[in-house]
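Below, chains carry the letters A, B, ... as their sequence lines are ordered, and counting in each starts from 1.
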Amino acid sequence: MFNKRESSESETSSHAAGQPQPAATKNPTPAAPAASAGRAPGQAVIGPTISIDGTLKGEEDLVVEGRVKGTVELKSNILTVGSKGILDAQVYAHTILVEGTVKGDLYASERISIRASARIDGNILAPRISLEDGAKFRGSVDMDPESEALREAFKATSAASTDRERKRNRSEKETGKQDTGGASASSGTGQPHAAEQGSKAGTSAA
Amino acid sequence: MSNAVATPVGPTSSGADARVSVPLLAELLTAEDRRRRVWADLGGAQGGLTDNLSGKPSHLLVADLPRALLDGQAQWFLPDSILPGKFWREPVDRFLCWDLLNYMNGNELGALSTCLARHGANECRVHALIQYSGKQMSECPARFTLDGDLRLIVDEVGPSRRQAPRYSPKALEKAMPDLRVERTLLLNNGMQEFLFGLR
């Protein structure tokens, strides 16, 4: 479902973003939007032909160029809604960049950046918000770092991440005792494994 | 009610990218209290205002009435017909109307003042810019952007013009019975800056 963009692909896409796009391409990988030039390699991408209805959870950065309806939870990561992306969702992320269309509430524990091409209807809550002139926005912006709603939205995350950290430390100690060489069973191929990355899409793809 | 003339800053034309000093608005934005304030911007979203409120305990509603007007929405002049009830849970401390009152007739101004009074906090202030010198004004509401020095960049949308109503303070108080004119200031771009309080 996700297209894991390799480093070389990312560079090619970034280069292509500033060039005229060919009329048709065999590769269904989405053309990178303008802001993708600075994107880190290895981001997960939901392409423009993909539509998801449900809850999308993960622990890696995600670029949405398709449609997502429901809830998106990337509480420790960056979500980018690309220029072709359409979200009808509640979004919780560490940082949110919007170039496309969003209907719903955006919660970010760190920052929300709204580009000129964005169209947003909903609430925006983050300690830091930047908005480019030309963006179409209707709704509310809450920049209060003491906001009750923001604290509430990320309370569960901080509790969960502390718990995960504790479990990871315990498991590392146990692994150290057994001295197995530290190779993970799921990473035998050398490719990142979805479960290992923590991605969980309780979704139906159309 | 006081009426003064603002010191001219920048070009005097009301054309694109003219920077205008707006002392009454700057005063509202630089008030040095750390109280949480709810702002309702009836104009379009703009980075300058967001940047200015960033770091303060602020909540900002953006209704984008100019878009509703361009889209031909019948109730475009009522912010609560554009933003549903869930956005109006807290009373609003500051309403920013920009030049929108120039595009409303008497009935629309009356309906707007009732709406503002309904959602306004006790010490609510309403800021507006009224065309006073030119007989003509832009066909559509202008785009406004605040720069880092709290000067206003006025960007008129399109070359078409229409007659300006040139509302006087008395005419506005008559049309908006829920508001009273508190202070006004003549600006160098042919507009008059207004600060209203609730009655």
Side-chain angles (χ1 to χ4, degrees), chain A residues 34-35 71 81 83 87-91 95-154, chain B residues 16-17 34-71 73 76 79-90 92-93 96 119 142-148 152-155 157:
Chain A
T71 307
V81 183
S83 56
L87 259 63
D88 186 350
Q90 295 276 110
V91 179
T95 300
I96 303 172
L97 311 173
V98 185
E99 298 166 349
T101 305
V102 177
K103 189 176 177 192
D105 299 340
L106 303 176
Y107 296 82
S109 56
E110 179 61 31
R111 180 184 191 85
I112 297 179
S113 285
I114 300 163
R115 303 275 155 79
S117 57
R119 275 185 92 99
I120 301 176
D121 268 27
N123 292 306
I124 295 177
L125 291 95
R128 282 197 284 277
I129 293 168
S130 66
L131 192 146
E132 279 183 11
D133 290 335
K136 290 191 167 59
F137 169 70
R138 213 172 248 162
S140 79
V141 181
D142 203 324
M143 288 164 282
D144 187 354
E146 303 298 314
S147 163
E148 190 61 32
L150 197 59
R151 213 181 304 156
E152 202 59 34
F154 288 92
Chain B
D17 206 12
R34 296 297 299 170
R35 260 188 58 200
R36 178 178 161 85
R37 297 258 185 223
V38 180
W39 294 72
D41 183 353
L42 307 192
Q46 52 143 313
L49 183 62
T50 318
D51 290 348
N52 196 276
L53 296 179
S54 201
K56 296 175 187 168
S58 317
H59 186 78
L60 170 68
L61 301 177
V62 181
D64 200 353
L65 300 190
R67 179 148 59 109
L69 174 62
L70 290 175
D71 290 348
Q73 284 181 246
W76 72 271
D80 55 4
S81 76
I82 307 297
L83 288 179
K86 68 170 185 172
F87 291 104
W88 301 95
R89 284 192 200 121
E90 291 179 83
V92 176
D93 298 295
L96 303 179
H119 295 296
R143 277 193 291 262
F144 294 93
T145 312
L146 276 169
D147 71 8
L152 212 51
I153 301 165
V154 185
D155 187 7
V157 182

Here the pair of heavy atoms bringing B:Ser54 nearest to A:Pro127 is OG-O, 4.4 Å
Here the gap from B:Thr50 atom OG1 to A:Phe137 atom CZ, rounded to the nearest 0.5 Å, amounts to 8.5 Å
Counting heavy-atom pairs under 4.5 angstrom with chain A, the leader among B:Leu83, B:Asp41, B:Val62 is B:Val62
Under 4.5 Å to a heavy atom of chain A? For B:Thr145 that would be side chain
Contacts of B:Arg36 meeting side chain to side chain contact (heavy atoms under 4.5 Å, CB included) (sequence neighbours excluded), chain-then-number -> A:Asp142, A:Asp144, B:Pro57, B:His59, B:Glu90
Sorted by chain and number, sequence neighbours left out, side chain to side chain contact (heavy atoms under 4.5 Å, CB included) with A:Arg128 holds for A:Glu110, A:Arg111
Rounded to the nearest 0.5 angstrom, the OG-CH2 distance for A:Ser140 and B:Trp88 is 10.5 Å
The interface call for B:Lys56 against chain A, heavy-atom contacts under 4.5 Å, is backbone
Whatever's closer than 4.5 Å to a heavy atom in chain A on B:Leu53 counts as both
Closest non-hydrogen atoms of A:Asp133 and B:Gln46, given as atom of the first, atom of the second and distance, are OD1-CA, 3.4 Å
